[in-house]
Amino acid sequence: VDACQIPENILKAITTRALVETCLSYPLYLNYMAYNDLDQGIISVISRFNGLSELYSRSNAITSILDVYEKMKVQVTATWTDGSMDFAFHIAYFEMVMSADCFFNKFTTSERTRLKTALWQKLYDRVQDPEHYSLFSIIEGLHLYAKVLKAQNDPVYVSNKVLIDYVSSVCRVRDQQYIDFANLIFF
């Protein structure tokens with residue numbers, strides 16, 4: 001953990017956009033998956049990595065996060081390479097970071113709308129490629145999408161409060177509610 005910290009002199013000098021990209025490359029990013037509750041796992045990763053702590057403190061963090069996220073292209077069957085699995089894990093990690101309350105609560109209404117649009121497309125693209133993406137690979141995005149629907153009091157949320165309240169508050173891999181939520185928004 002200590003070896004993966006960003007040196008203080010670099011941490012304070014790095015641009016927010018470069019910091020977002022550095023946080024995406026954090027070598028221990030998958031540690032959040034060691035937890036039964038992925039929300040607790042990502043909180044642990046955020047609290048132990050000074051790059052994410054610094055990113056949280058930046059006033060332009062959310063704009064930079066969205067800029068990077070919107071440009072991420074989902075690798076599908078036609079474009080799948082040996083490095084594509086890394087992408088699949090990185091996008092899920094990035095979605096978990098954005099779903100952490102410390103980051104999520106900083107999103108403005110218009111930023112949540114941007115996020116909702118980009119997130120839905122990335123989830124949809126993954127669902128269309130079941131050869132490479134399973135429910136396990138989109139659970140983090142579903143969790144974040146449910147949080148956005150709830151925060152916006154979206155009509156889908158209003159008519160499915162019990163399900164979406166659950167999916168937005170608990171991020172666990174083996175929950176039937178995630179399958180039900182995926183079916184609700186995609187099928």
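Please read these numbers as outputs of a predicted model, since none were measured by experiment. Position 1 is the first residue of the sequence; numbering continues from there.
Defined by atom type and a distance below 3.5 Å, a donor-acceptor pair is present between the side-chain atoms of Thr113 and Gln152. Side-chain N/O atoms of Glu95 and Tyr145 include no donor and acceptor closer than 3.5 Å. A side-chain donor from one of Tyr35 and Ser44 sits under 3.5 Å from a side-chain acceptor of the other. With hydrogens and angles left out, the side-chain atoms of Arg17 and Ser64 include no donor and acceptor closer than 3.5 Å. Defined by atom type and a distance below 3.5 Å, a donor-acceptor pair is missing between the side-chain atoms of Asp125 and Tyr133.
Pairs of residues two or more places apart, or lying in two chains, never qualify as side chain to side chain donor-acceptor pair (under 3.5 Å) while including a residue from residues 1-11.
Separation of atoms CE (Met33) and CD1 (Ile42) is listed at 9.5 Å; rounding is to 0.5 Å. One distance of note links OG1 of Thr117 with CG of Leu66; it measures 10.5 Å at 0.5 Å rounding. Note: Ile164 CD1 to Ile185 CD1 = 8.5 Å, rounded to the nearest 0.5 Å. From Ile65, atom CD1 reaches atom CZ of Arg114 across 11.0 Å, with rounding to the nearest 0.5 Å.
Put simply, the side chain of Lys147 gets close to the backbone of Ser99: a donor and an acceptor are under 3.5 Å apart. Formation of a donor-acceptor pair under 3.5 Å by the His90 side chain with backbone atoms of Leu24 is found in this model.
Residues Asp67 and Thr63 form a side-chain contact, since some pair of their non-hydrogen atoms from C-beta on lies under 4.5 Å apart. Taking 4.5 Å as the limit, some side-chain heavy atom of Met96 sits within range of a side-chain heavy atom of His143. Residues Tyr32 and Val97 form no side-chain contact, since every pair of their non-hydrogen atoms from C-beta on lies 4.5 Å or further apart. The shortest side-chain heavy-atom distance between Leu142 and Leu135 falls under the 4.5 Å cut-off. With a 4.5 Å cut-off on side-chain heavy atoms, Leu144 and Leu115 count as touching. Considering only heavy atoms from C-beta on, Phe89 comes within 4.5 Å of Tyr29 through its side chain. Counting heavy atoms from C-beta outward, Leu149 and Lys116 have side chains that approach closer than 4.5 Å. Considering only heavy atoms from C-beta on, Ile14 stays 4.5 Å or farther from Ile6 through its side chain.
Tyr26 and Cys4 make their closest contact through CE1-CB, 3.6 Å (heavy atoms, listed as atom of the first residue, atom of the second, distance). Between Leu52 and Tyr93, the shortest heavy-atom contact is CD1-OH, 3.6 Å. For the residue pair Phe103 and Phe107, the shortest heavy atom distance occurs at O-CD1, 3.4 Å. The shortest heavy-atom contact between Asn105 and Arg112 is CA-NH2, 4.0 Å. Here the shortest heavy-atom pairing between Cys171 and Tyr178 reads CA-OH, 3.3 Å. Leu11 approaches Gly51 most closely through the heavy-atom pair CD1-CA, 4.0 Å.
Shown here is Arg58, whose CZ atom has more than 12 heavy atoms of other residues, nucleotides or ligands within 6.0 Å. No more than 12 heavy atoms of other residues, nucleotides or ligands shown are found within 6.0 angstrom of OH on Tyr124. Within a 6.0 Å radius of OH in Tyr56, no more than 12 heavy atoms belonging to other residues, nucleotides or ligands are found.
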task = Give the C-alpha distance, both sets of side-chain angles, the deciding distance and a yes or no for side chain to side chain contact (heavy atoms under 4.5 Å, CB included) between Lys122 and Lys73.
result = CA-CA 8 Å; Lys122 286 172 189 5; Lys73 300 288 182 216; over 6 Å; no
request  = Carefully, step by step, assess Arg48 and Leu28 under the rule side chain to side chain contact (heavy atoms under 4.5 Å, CB included).
outcome  = CA-CA 10 Å; Arg48 290 188 171 124; Leu28 302 177; over 6 Å; no
key: Worked verdict on Ile46 versus Cys102 for side chain to side chain contact (heavy atoms under 4.5 Å, CB included)   = CA-CA 9 Å; Ile46 291 168; Cys102 60; 4.1 Å; yes
inquiry  = The test is side chain to side chain contact (heavy atoms under 4.5 Å, CB included); show your working for Asn160 and Phe181 and say whether it passes.
reply    = CA-CA 9 Å; Asn160 298 279; Phe181 183 58; over 6 Å; no
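Partners of Ser110 according to the side-chain hydrogen bond (donor to acceptor under 3.5 Å, both in side chains) rule, which considers only residues two or more places apart in sequence or in another chain, are Thr108. Applying the side chain to side chain contact (heavy atoms under 4.5 Å, CB included) test to Asp37 and every residue at least two apart in sequence or in another chain returns Asp39, Gln40, Arg172.
Leu55 and Val1 fall within a single hydrophobic cluster, where Ile, Leu, Val, Met, Phe, Trp and Tyr are joined by side-chain heavy atoms under 4.5 Å apart, directly or via other members.
Between Lys106 and Glu111 there is no salt bridge, since no side-chain N of the basic residue sits under 4.0 Å from a carboxylate O of the acidic one.
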